[in-house]
Amino acid sequence: MHWEDHHEILRIFAPQAFSFKENIDYLSRSTDECMFAIKDEKIYRALALENNTTVLIEISAENDRILEVRFLSGTTPENKAGRAEVARYVREWFDMDTDLEPFYQLAENDPLLHEPTSKFYGLRNVGLPDLFEALAWGILGQQINLSFAYTLKRRFVESFGEKVEGYWLFPRPERIASLNVQDLADLKMTRKKSEYLIGVAQLIANGELSKEKLLEVDFKTAEKMLVNIRGIGPWTAHYVLARCLGFPSAFPIDDVGLQNAIKLMLGYEQKPTKEEILHYAKNWSGWETYATFYLWRILY
DNA sequence: GACCAGGATTGCT
DNA sequence: AGCAATCATGGT
């Protein structure tokens, strides 16, 4: 039992090596985030539940390892299933069911991970539990700087998402599947990105692609399923394998951010080669997802 | 005003 | 299999 249902609030118990503050700091990295808000160390966001209702929740910390979720929207879900669904979402969002001790142990003597893991101790692989949101965010972020990616996401969400009590729900794939390329190109994304987004939305909307299907196969198979989709290359596939599907060995080795983080850690003038990265990554076997996440973190 | 950005596809050897 | 051109816009 890792959470308690007190009806008006949910109390969620974090595992060892968890820091709510570190995760909040990570979530605060962009001032242009549109999917949630953070005020006074509390997180606010809207969620769409499986029974087609929506809730607005507030997540705070009683202490750094006990989270409290309050239901702020007019309709506190009377159904126990809805509250359990929210508890699952929060646990998944902050990856609260992973034991990080083995990762911290291998990081102790790792030239690249030692510093980030001590500096950000308790940081989790903060996820994107919704598959379409994860894929869309990956596609939106391809080849452009992060601040522009946030701008595009905001336009995308505010154009095609749904607003609940002042907070945005991510656009539903059914909605995006019905758009034409020009609708998205108008937001100043490339026509190819527009095609990719619509294509992925159609696959999810018609049931060909789902989180369940990706989770019932092994890592390599899931990777192939993703890369076979037009617009999803190795980088986006591993990004989603890591941040949505929770595979521990996802490794977007071509990522510019990862390269820059290693460059910064080593004091290089130039970005490391792929061979150099693979050399360092030998020590990360089975924990590439967390290694990448912690290295990304030092850039913000 | 270059140069690069949390890449992927297409077309060519 | 490997490489170059292309996409298109905004940040720095």
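To find a chain, count down the sequence lines: A is the first, B the second, and so on, and within it residues start at 1.
Distance CD (A:Q142) to P (C:dC7): 16 Å, rounded to an integer number of Å. As a whole-Å value, the separation of A:D254 CG from B:dG7 P is 9 Å. Computed from coordinates, the A:L258 CG to B:dG7 P distance equals 11 Å when rounded to whole Å. Note: CG (A:D186) to C1' (C:dA8) measures 14 Å, nearest angstrom. Atoms CD1 (A:I139) and C1' (C:dC7) sit 15 Å apart, rounded to a whole Å. Rounded to a whole Å, the CG atom of A:L197 is 15 Å from the C1' atom of C:dA8. Taking atom CE of residue A:M189 and atom P of nucleotide B:dA8, one finds them 16 Å apart after rounding to whole Å. In this structure, A:D255 atom CG and B:dA8 atom P are separated by 10 Å, rounded to whole Å.
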- Item | Evaluation steps, side chain to side chain contact (heavy atoms under 4.5 Å, CB included), between A:Y150 and A:T31 | CA-CA 9 Å; A:Y150 275 107; A:T31 53; over 6 Å; no

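Salt bridge annotation for A:K211-A:E92: present, with a cationic side-chain nitrogen under 4.0 angstrom from a carboxylate oxygen. A:K163 and A:E158 are not joined by a salt bridge, as no carboxylate oxygen comes within less than 4.0 angstrom of a charged side-chain nitrogen.
As judged by a 4.0 angstrom heavy-atom cut-off over every strand, A:P252 is placed among residues making no nucleic acid contact. Backbone-only contact: A:I232 has heavy atoms under 4.0 Å from sugar-phosphate atoms and none from a base. If you check every strand for non-hydrogen atoms under 4.0 Å, A:I229 touches sugar and phosphate atoms only.
For A:S147 and C:dG10, the shortest distance from a side-chain N or O to OP1 or OP2 is not below 4.0 Å. One finds a side-chain N or O of A:R230 lying less than 4.0 angstrom from the OP1 or OP2 phosphate oxygen of B:dT10. When the side-chain nitrogen and oxygen atoms of A:K271 are compared with OP1 and OP2 of B:dA5, one or more of them lie within a distance under 4.0 Å.
DNA chain B is contacted by both A:R29 and A:Y196; A:R29 maps to the nucleotide lying nearer its 5′ end (nearest heavy atom per residue). Residues A:N145 and A:R191 both approach DNA chain C. Their nearest nucleotides, taken by heavy-atom distance, put A:R191 toward the 5′ side. Of the two residues contacting DNA chain B, namely A:N260 and A:A237, the nearest-nucleotide position lying further toward the 5' end is that of A:N260.
A:Q143 contributes a side-chain N or O that forms a donor-acceptor pair with the base of B:dA5 under 3.5 Å.
Side-chain contact between A:V86 and A:V69: present, with at least one pair of heavy atoms (C-beta onward) separated by less than 4.5 Å.
In this structure, A:L123 and A:Y290 approach most closely via the heavy-atom pair O-CE2, 4.0 Å.
Nucleotides B:dC4 and C:dA5 have their P atoms positioned 15 Å apart, rounded to a whole Å. Rounded to whole Å, the P atom of C:dT12 lies 16 Å from the corresponding atom of B:dG7.
If you check C:dT9, B:dA5, B:dA8 against the side chain of A:K188, the one that comes closest is C:dT9. Closest to the side chain of A:T236, from the set B:dA5, C:dT9, B:dA8, is B:dA8.
In this structure, a donor-acceptor pair under 3.5 Å is present between the side chains of A:D110 and A:N283.
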